Amino acid sequence: ITANMEDSKSKAIRVTNRVLGGIVGLVIGAVTILTVFAVFKATADKIPAVIQYIEQSTICKFFYDLNPIGTAFASIFAKQ
């Protein structure tokens, strides 16, 4: 069904295909980044050098601090 969308003669279908593909790609990328930072947050005591680099970067620090996946990982895997 979706294989023929790119070759469609309808401009609306082609545009919709590209826009939705871009949105899905953006969501997958964001989830990947948040998951990587969640692993960093959960293992922060074992890899302090990585955390120092994250703290020095404004963008990385933003994703690291405001990461709901990281908060969940940290609460699950944190030492009791």
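No experiment lies behind these values; they were computed from the predicted model shown.
Between the CD1 atom in Ile13 and the NZ atom in Lys11 there is a gap of 13.5 Å [rounded to 0.5 Å]. Between Cys60 atom SG and Asp65 atom CG the span is 11.0 Å, to the nearest 0.5 Å. Separating the OG1 atom in Thr43 from the NZ atom in Lys46 is a distance of 7.0 Å, to the nearest 0.5 Å.
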Atom pairs and distances, donor-acceptor, side-chain atoms in residues 22-40, under 3.5 Å, two or more places apart:
{"residue": "Thr32", "atom": "OG1", "partner": "Ile28", "partner atom": "O", "Å": "2.8"}
{"residue": "Thr35", "atom": "OG1", "partner": "Val31", "partner atom": "O", "Å": "2.7"}

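Hydrophobic cluster membership differs between Phe63 and Tyr53, with clusters built from Ile, Leu, Val, Met, Phe, Trp and Tyr side chains linked at under 4.5 angstrom. Hydrophobic clustering (ILVMFWY, side-chain heavy atoms < 4.5 Å, transitive): Leu66 and Tyr64 are in one cluster.
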Step by step, work out the side-chain contact (heavy atoms from CB on, under 4.5 Å) result for Thr71 and Lys41.
CA-CA 8 Å; Thr71 305; Lys41 186 174 261 192; 4.2 Å; yes
